[in-house]
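We're numbering straight along the sequence, starting at 1. Note that these values count all heavy atoms, side chains included, but never hydrogens, waters or copies made by symmetry.
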Amino acid sequence: QILLFLRKLRSLAVLTLEGQETWHLSRKGPYVEISSSEGEAASKRWQIFQSDGKIPTNVLRENQKDTPNYEFQVAVPVGTAPTSEFLLNHFATQVRFPFPVIVHATLELTNNRQNLVDSPANEFLTEKLSQFLASVAERCRDKKTPWFALSLLTPRGNLDPILERLGFMGSLVSAARSRTLIPVRGGGFSKVRECHVICPNAEEWLPRESFEDIALTPTDSHVQETLRALAVTPLDRATLRTRLNRISPSLSGPVRALLIAGLLEADVTPIDPPPNLPVDDNDKIIRADFTTFMPPTEGTVFQLPNWMPLRILNGKLLGELRAKLDVSNNRELVTRLRVFRLREYSFATLAMAVNARVNQKVEKDPKHEREHRNEGLKALCRLFLQSGEESQPKRPDDLRIAVPTCSGKFVPATEAYFSKEYPCGTLTEALYRPTCPDSIIAAPDSFGFEEDVRSLEEFLRWLGVADRPRTRIDYGPRNEEYED
């Protein structure tokens, strides 16, 4: 350590009772390499940084004013870590300085030249030393080892109490905040005020696009403490949401699933509203204000009219999320994804929601009632048939979905009857068409569905269309003639 800062010295022989060992120095520019002639220790290489200046006379005592010059030298290891934990003032002192560098500094010492003096001159010098050390760290940045620079400013033990009293750590943190030291997702380095943090290890799941200013996560616990001391500003949830919405259209399926799972696991998902990250089976973004249902079965493609604020979650995305979040059933998955307002699939609940949206659409645009109602019926019919018979629940008593009749009107399905165009409609056709044509459902081809007649019949029967006369009790006007 002494040899590092003696510029004229090229070798040093150490004589002991056991023999002699010679240390050789090789200097090339700012680099110094030291090796032993005995070959017992591997050669070590260092990069030397130097700074000097003058101490202001107002902080010097009268007997010091004739020698106001000071000098700092910092030796940064190349490929190895130093073992010294003390400052040097030409020779080693007892001033604890537990940083992974070796420092020679002009400082005011006690008479035995082992300890610091608490003085105005040292207060000035320690601030200058902290600033110089921060500048050295900035010059030692390396993309291959991105946290090396900040590690040079990271103590590995207790600092000397006099240095603490003189405010060295506070000055060092302040100096480091003004330097470009923080490795970020974009591949370079940023100042503290120019970067943000989200959560530890966000780089494992967060795309780089739009998040180039997010600080990487150090693996060393000591460096983590230094990063916390620098107080990098967390990325606020509103900005996080905006950035996520910006990149969402370009995300692939696996990347999207990894991102959603990462946000949930880290508990950093923006809420009210959440980001627009879920997609439907057409890989179209599901807006945060839409109601989203899980698909009844994975691997089946479902589609609802574009104008309807209801969507079915992409089946492939569902499978990938189940795997990444390690959940075994749909109910647990819905709980984990509650921030995205996901609902567990229920055909009855979905039918109620679709019917409500269709009625709202018809109310706003009555001229296109047939088009809107047929769109809703078509979507529900496909969902009904693809859900599988086991997942078809009992129809809610208050579900009243309008269906077209042969007269061109729309009536609730619970008041309609099958026509002769349906295999089960011969009886109701004969009974009701002559007297109640508005209750006879339109022929299958008027729906514009691709499904066969029997499948359509099954769906309409679930909606409440009847193939037998309904029992109806009519409390008409009292007729005394028939009282007996």
Side-chain angles (χ1 to χ4, degrees), residues 1 4 44-49 51 72-88 92-105 107 116 125-185 188-203 214-234:
Q1 296 176 8
L4 285 171
K44 295 181 179 180
R45 196 161 182 256
W46 307 78
Q47 186 175 5
I48 309 298
F49 299 87
S51 175
F72 300 138
Q73 291 192 66
V74 175
V76 178
V78 179
T80 58
T83 57
S84 175
E85 295 185 356
F86 299 94
L87 277 177
L88 274 69
T93 69
Q94 291 301 307
V95 179
R96 289 199 299 273
F97 196 77
F99 293 86
V101 292
I102 295 177
V103 174
H104 158 70
L107 292 166
L116 282 178
L125 289 168
T126 53
E127 182 177 3
K128 287 295 184 181
L129 177 60
S130 66
Q131 295 171 356
F132 178 55
L133 191 57
S135 72
V136 168
E138 186 178 46
R139 292 155 67 184
C140 290
R141 293 172 303 176
D142 184 357
K143 291 183 179 181
K144 293 181 180 179
T145 53
W147 289 107
F148 177 73
L150 197 61
S151 73
L152 300 180
L153 308 182
T154 299
R156 305 286 170 154
N158 295 324
L159 190 67
D160 190 272
I162 301 299
L163 284 175
E164 286 278 14
R165 196 179 308 160
L166 293 171
F168 178 81
M169 281 307 302
S171 297
L172 183 62
V173 168
S174 178
R177 285 179 59 85
S178 67
R179 296 289 178 172
T180 306
L181 291 169
I182 311 299
V184 292
R185 295 294 313 284
F189 296 84
S190 292
K191 292 182 172 66
V192 167
R193 65 175 180 270
E194 297 170 348
C195 63
H196 298 87
V197 292
I198 295 179
C199 64
N201 302 312
E203 59 269 24
I214 301 301
L216 300 179
T217 303
T219 56
D220 186 287
S221 61
H222 295 91
V223 179
Q224 290 174 10
E225 286 294 329
T226 300
L227 184 62
R228 278 192 286 270
L230 294 179
V232 178
T233 305

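Across all non-hydrogen atoms, the minimal contact from A215 to E203 is O-OE1, 4.4 Å. A pairwise comparison of heavy atoms in V101 and V74 identifies CB-CG1, 4.0 Å as the closest pair. Closest non-hydrogen pair, W147 versus I182, comes out as CH2-CG2, 4.5 Å. Scanning all heavy atoms of the two residues, the minimum distance from P218 to V223 falls at CB-CG1, 3.8 Å. Here the closest non-hydrogen pair linking P77 and P100 is CD-O, 3.5 Å.
In this structure, CG in L107 is found 5.5 Å from CG in L125, a value given to the nearest 0.5 Å. Taking CG from N158 and CG from L163, the interatomic distance works out to 12.0 Å, rounded to the nearest 0.5 Å.
Of the candidates L230, L227, L181, L230 is the only one forming a side chain to side chain contact (heavy atoms under 4.5 Å, CB included) with V192. A side chain to side chain contact (heavy atoms under 4.5 Å, CB included) with P183 is found for exactly one of T145, L216, L150, D142, namely L216.
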Please report, to 0.1 Å, the donor-acceptor pairs under 3.5 Å made by any side chain of residues 130-140, with sequence neighbours excluded.
from, atom 1, to, atom 2, distance (Å)
S130, OG, E127, O, 2.6
S135, OG, F132, O, 2.6
E138, OE1, R179, NH1, 2.9
E138, OE2, T180, N, 2.9

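Counting heavy atoms from C-beta on, the side chains of R96 and P161 come closer than 4.5 Å. Residues R193 and R177 form no side-chain contact, since every pair of their non-hydrogen atoms from C-beta on lies 4.5 Å or further apart. Using a 4.5 Å heavy-atom cutoff, the side chains of R165 and T126 are not in contact. Contact annotation: the side chain of I162 never approaches that of F168 to less than 4.5 Å [non-hydrogen atoms, C-beta and beyond]. Between T154 and E225 there is no side-chain heavy-atom pair separated by less than 4.5 Å.
Applying the side-chain hydrogen bond (donor to acceptor under 3.5 Å, both in side chains) criterion to T93, with sequence neighbours excluded, gives no partner residue.
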Given V76 and F148, is the side chain to side chain contact (heavy atoms under 4.5 Å, CB included) satisfied, shown in steps?
CA-CA 11 Å; V76 178; F148 177 73; 3.7 Å; yes
May I have the step-by-step check of side chain to side chain contact (heavy atoms under 4.5 Å, CB included) for R156 and S151, ending in yes or no?
CA-CA 10 Å; R156 305 286 170 154; S151 73; 4.1 Å; yes
For a side chain to side chain contact (heavy atoms under 4.5 Å, CB included) check, start with the C-alpha distance between F97 and E85, then their side-chain angles and the critical distance, and finish with the verdict.
CA-CA 5 Å; F97 196 77; E85 295 185 356; over 6 Å; no
Test side chain to side chain contact (heavy atoms under 4.5 Å, CB included) on L172 and F99; report intermediate values, then the result.
CA-CA 12 Å; L172 183 62; F99 293 86; 3.7 Å; yes
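Formation of a donor-acceptor pair under 3.5 Å by the E164 side chain with backbone atoms of L159 is not found in this model.
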